[in-house]
There are 4 protein chains.
Amino acid sequence: MAVRVAVNGYGTIGKRVADAVARQPDLKLVGVAKTRPSFEAATAVRKGYPLFIAGDAGTKAFEAAGIPTAGSLDDLLGQCDVVIDCAPEKVGKENAKLYDRRSSLKAIFQGGEKAEIAERSFSALANYGECRGLRRVRVVSCNTTGLARAAAILRSRWGVARWDATIIRRAADPAESQRGPINGILPSFHIPSHHGPDVRTIYPDLHLRTTAVVVPTTLMHVHVNQVELARAPRDVEELREAFRGTRRFRLFHAWEGVAGTPQVMEYARDLGIGPRPDMMENVLWDEGFHLDGREIAFFQAIHQESIVVPENIDAVRAMFDLAPDAERSMAITDRTLGLRP
Amino acid sequence: MAVRVAVNGYGTIGKRVADAVARQPDLKLVGVAKTRPSFEAATAVRKGYPLFIAGDAGTKAFEAAGIPTAGSLDDLLGQCDVVIDCAPEKVGKENAKLYDRRSSLKAIFQGGEKAEIAERSFSALANYGECRGLRRVRVVSCNTTGLARAAAILRSRWGVARWDATIIRRAADPAESQRGPINGILPSFHIPSHHGPDVRTIYPDLHLRTTAVVVPTTLMHVHVNQVELARAPRDVEELREAFRGTRRFRLFHAWEGVAGTPQVMEYARDLGIGPRPDMMENVLWDEGFHLDGREIAFFQAIHQESIVVPENIDAVRAMFDLAPDAERSMAITDRTLGLRP
Amino acid sequence: MAVRVAVNGYGTIGKRVADAVARQPDLKLVGVAKTRPSFEAATAVRKGYPLFIAGDAGTKAFEAAGIPTAGSLDDLLGQCDVVIDCAPEKVGKENAKLYDRRSSLKAIFQGGEKAEIAERSFSALANYGECRGLRRVRVVSCNTTGLARAAAILRSRWGVARWDATIIRRAADPAESQRGPINGILPSFHIPSHHGPDVRTIYPDLHLRTTAVVVPTTLMHVHVNQVELARAPRDVEELREAFRGTRRFRLFHAWEGVAGTPQVMEYARDLGIGPRPDMMENVLWDEGFHLDGREIAFFQAIHQESIVVPENIDAVRAMFDLAPDAERSMAITDRTLGLRP
Amino acid sequence: MAVRVAVNGYGTIGKRVADAVARQPDLKLVGVAKTRPSFEAATAVRKGYPLFIAGDAGTKAFEAAGIPTAGSLDDLLGQCDVVIDCAPEKVGKENAKLYDRRSSLKAIFQGGEKAEIAERSFSALANYGECRGLRRVRVVSCNTTGLARAAAILRSRWGVARWDATIIRRAADPAESQRGPINGILPSFHIPSHHGPDVRTIYPDLHLRTTAVVVPTTLMHVHVNQVELARAPRDVEELREAFRGTRRFRLFHAWEGVAGTPQVMEYARDLGIGPRPDMMENVLWDEGFHLDGREIAFFQAIHQESIVVPENIDAVRAMFDLAPDAERSMAITDRTLGLRP
């Protein structure tokens, strides 16, 4: 019988997670919760997702907009086995109190919440097995997910002696039209940035230091990685092959003409096989590697809107023991979301 | 029997036209022609579109990239009833010489070519009937299509005495990462801009003057329209209803939260029902109308990448008399492309 | 004896007004008031401007930063004949209560406040004479100033029958790094926009309708003007000459290579003759005019940060009757600020 | 007697170098050479700089624009002791042939040329002494200058064991309105980027690796530096003091409110003491340092338009032995250009 899933919060992440849940053979989307009417609420209804009202805005605003609703968040929580919390940063902490009132309800939180909110922070490639049967799991944030995935490869193949990453962050999501800067670069004065410690919630012994700047783009983050490995790869092609041969990574060849993040997202639009024109894989470039003994450098681009979506699905499978290991969970997730086999 | 269609040029417009042709019950996509390998060529092949090589680059570059091809542009032209030319601006003029060598081949050109290249310039709402059976048709450009559609409504309902439009142009398409400006506004010193005369290739007597500026965005154009109608609408709601009730227009309500072009394209991504996250309809806003006697003002946003796509499909139908009138052609086009019924 | 001037509010406008006041032979800058320490406060002190503390933040924050202050806003108000209020929009209304407590204190407000705050709205070319001796004057906002200046020419030379202006607004000032959009165009759903009515606080009978959109740039606004004049100009050169021959207008020739607002501001940087690299004049282009009988079209660019600065100076002169007419006030202002003679 | 200096090329760098030369007590600007008329040519004339015509465009274009010229580039070269070549990248190589024809003419090239064009690459803090009396000197590019300055401090105080720098590059200068991207991040697939090797033209043994990405901004570059020093600084304040106490560095305090490059350039505009609103110093932030034993991280912002300007002046002094050492040359340069004492 399918695990019944609710999605609380229907913004950038929540709407994508809902689309992904709806495509899984072993999960059932019982509903999504939203605080206010918007075109996204109307789209949810058109897609057939039962829509519940979170917060106190009441049904009037939805009624005025002609959007049918199915009840309150509390109603929704009563009908599901697990809630995936996709509320804005820090709101998940408040929501956790609601979830705790129902003893049989499991919950997944996003990376905007502190690690302490859950029993374990999750990244499918890294620690699927450790999260089996847990009741509270936190899927790490977009940049952390991207780094943890890359760490899974580097650690297992060659070991990581030291890793410096510069994170060039998008300043806003495409539809966040109130946020800037329009022209300028803003250093993040929290050095090292929170991403390194956040990856260590998954790999506690990883020697990773991260520094971040914010730039005026909406499409993707880019990571510039300088890594000293424990053992030297044979050649740069061995490096490429390791990434190319692992789920959740996509490498572009030079002839494909993908000069940067604009072309990556154009590629996603061209593919047309997922629920949305997203790029849920870490993006790397054949040309974007450098090898010098044990020291390597590589770029990766991270689609902040979608990279955590397959991770949320895999987290549900781990928590309900729906697949025997990460590979078999990821295989289902990737096939249903149209990711590269 | 399905009309056999070739698409020559597989860039922003060509790839969308190919996707659209492939979805039509009465058309058959026999192939697309491209000059160089790229991720888009690979995507075409994955979608099952026979790929032909345009130009002299030869098969070597495609072979090196491992992309199978089906022959030359000339081979493709020999297998189709009509070619839709989607080559870059001005290249269509050269291509026309190739097409002219085949007496039974019909051809459609895009708005980047001069009107003289074809027997008639085309806009489905405006002059479908006049293009029936023609051999050379030109689908007008994105801004012209948007204006011609709006003209079709205003002319037929109230008449147009005088129309001033300011066209705020996107500086580059999303994947054109080499074009600027990054920060600034560039007036177009061709006053009036070419758009007004171009609309008059369809409505010769329309008193429309257009002026254009270029701004640093990639998503959509916006038109600011100031129109003096021949007769006064009853009220602003009558205006809205006229647009709302016509194919190829989409009006957003205030509660939908669509503040501008970023949210329009987000809406397109959310819909997820067409071949791509496009917006082939003129976009207007309930709040974006003003009425003062016979004078009206309204905004419309135009998705430069896709608005001409359904027009190309309808143009084929007109040229091969596949539908008795515009409405019946548009009904098929819109249903297959997932546009609003 | 010089009129003693205080500037309350030391942001984008206030710091420029202070620099301008300090350059006038007949005015004395007795001080500026600011709420918080910042590099701008430190720069004010380095320039020798006595710095007073506005608001309740107290002296501690300034002391911690090592910035010497000269007292409170109230102290400053006690030492001046006129205060130029450059506080953020709507704060001027609160400040007015403070000013009203001192019977001999005159005050100038900016265009972010409602017209009712003052006895008269001011634009030097338009109504200098009407503001002589007044106690409360409001300098209209940047776009309104730009339109009022152009109106002064068009009305006096040919008369204005009807004027439609589309205002393409910069989304943020250069140093406002928190504001967007980064990529997109946002229509302003207040149609007509407030600019038209605001110009009518100066020219009550002007038939001007304005519509606005916001675009992702920080440099300047651009106005697209479509005007029906009462009488036809002889030719387009007569039009150009009228603007070229009037103070506070700058026309660029085609050979100068000024393609748009980026080059205008580059020009301002190159000039290096004012207190800052500003462009206090309306900017027009020789190529940016079109004439068709009585109907004209023209572009103008408006530097939102500085265009009102000379107007504030002239307003003081009018209020204290320091110059017999607009021309003689403007001549002093323009010479001291390095504007074109 | 003043050394007679010509500036060949009057673009972003050339016009700034000319302004700087004109302010030196021991140099005389005999003229600038430009290929085409533009507002910048007119400004040069207004500033009193004799204008010579480079290239074959002839005098007609200048005459048509009403811009007086003083002769050809060859004429200019005959009147000077040294030419500072500020032509576009790679053009300097062609120009070098002209310069070589005059045996007594010295020449300075910019960093867009290869190191081989000159006897020595130059950075004032690093190797002033080594360039005394030379005939051909190359001032390294903006990013290289910024890195070399920082290297001068780190090497002399603590030694550098290993240095990784990520260079976040501005995509275009403010007035280059044709260059993109408008929205996106473009990795530079030349890894390591050329900046590291370029710094080694000055410090051959420096273990510096650089990686670069291009982002949509026009204001400044930002460097993210991760450095392992040879010896540990006492504390982070010792680090700050070293930079704060060295010419050509400017550190911002937290209270100044300088969140990133938009506020840095606003600060430059506010200063108003140089020939232009430039920032010729490396910009660092008190908050932008991190210290962990021998490992440090710090941000620096580099104003690509102006940072090499004082270096060009110092290079002339070295080549003509006008000052006994770097400090005394820099003291004059900095005082005349309004840099921090």
Side-chain angles (χ1 to χ4, degrees), chain C residues 10-12 15-16 19 36-44 46-47 61-67 172-179 181-184 216-219 250 252-278 305-306, chain D residues 10-12 15-16 19 36-44 46-47 61-67 172-179 181-184 216-219 250 252-278 305-306:
Chain C
Y10 195 74
T12 300
K15 64 191 184 184
R16 286 173 166 84
D19 286 346
R36 280 187 309 270
S38 69
F39 71 82
E40 286 155 315
T43 304
R46 190 171 42 236
K47 289 181 175 180
F62 284 93
E63 276 171 14
I67 300 178
D173 282 339
E176 288 182 308
S177 54
Q178 77 288 3
R179 296 179 67 176
I182 288 170
N183 186 20
T217 184
T218 65
L219 301 177
R250 184 178 295 264
F252 283 101
H253 301 296
W255 65 259
E256 293 184 90
V258 176
T261 61
Q263 292 79 27
V264 172
M265 294 315 297
E266 181 72 9
Y267 175 80
R269 294 203 295 167
D270 278 9
L271 272 184
I273 51 177
R276 290 160 189 276
D278 286 333
E305 298 180 294
S306 72
Chain D
Y10 196 73
T12 300
K15 65 191 184 185
R16 284 173 167 83
D19 287 346
R36 281 187 309 269
S38 68
F39 70 83
E40 285 154 316
T43 303
R46 189 171 42 235
K47 289 181 175 181
F62 284 93
E63 277 170 15
I67 299 179
D173 283 339
E176 289 181 306
S177 54
Q178 77 288 4
R179 297 179 66 176
I182 289 170
N183 187 20
T217 184
T218 65
L219 301 177
R250 185 179 296 263
F252 283 102
H253 300 297
W255 64 259
E256 293 184 89
V258 177
T261 62
Q263 293 79 27
V264 172
M265 294 315 297
E266 181 72 9
Y267 175 80
R269 295 203 293 168
D270 277 9
L271 271 184
I273 52 179
R276 289 161 188 278
D278 287 333
E305 298 179 295
S306 72

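All values derive from a computational prediction rather than experimental measurement.
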Quick check on D:Ser177 against chain C: is it the side chain, the backbone, both or neither that has a heavy atom closer than 4.5 Å?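 For D:Ser177, the contact with chain C is made by backbone and side chain together.
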Toward chain D, the part of C:Glu40 with a non-hydrogen atom under 4.5 Å: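 Both backbone and side chain of C:Glu40 come within 4.5 Å of chain D.
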Quick one: closest heavy-atom pair of D:Phe39 and C:Gly257, and the distance?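 Minimum heavy-atom separation between D:Phe39 and C:Gly257: CE2-O, 4.5 Å.
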Which region of D:Ile67, side chain (C-beta onward) or backbone (N, CA, C, O), has a non-hydrogen atom less than 4.5 Å from a non-hydrogen atom of chain C, or is it both or neither?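 Just its side chain gets close to chain C.
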Pair C:Asp19 + C:Lys47, salt bridge at N-O below 4.0 Å: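 Yes, C:Asp19 and C:Lys47 are salt-bridged.
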Please flag which part of D:Pro37 lies under 4.5 Å from any non-hydrogen atom of chain C: side chain, backbone, both or neither.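 Both parts, backbone and side chain.
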Taking all heavy atoms of C:Arg16 and all of C:Glu305, pick out the closest pair and write down the distance.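 Taking C:Arg16 first and C:Glu305 second, the nearest heavy atoms are CD-O, 3.0 Å.
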For C:Arg36, which residues count as a side chain to side chain contact (heavy atoms under 4.5 Å, CB included) partner, sequence neighbours excluded?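 C:Arg36 satisfies side chain to side chain contact (heavy atoms under 4.5 Å, CB included) with no other residue.
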For the residue pair C:Met265 and C:Pro277, what are the closest heavy atoms and their distance?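 Shortest heavy-atom separation between C:Met265 and C:Pro277 comes out as CE-O, 3.5 Å.
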Below 4.5 Å from any heavy atom of chain C, which atoms of D:Asp270 appear? Answer side chain, backbone, both or neither.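 Looking at D:Asp270, backbone and side chain both touch chain C.
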Given the options C:Arg46, C:Gln178, C:His253, which has more heavy-atom pairs under 4.5 Å with chain D than any of the others?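 Among the listed options, the one with the most contacts to chain D is C:Arg46.
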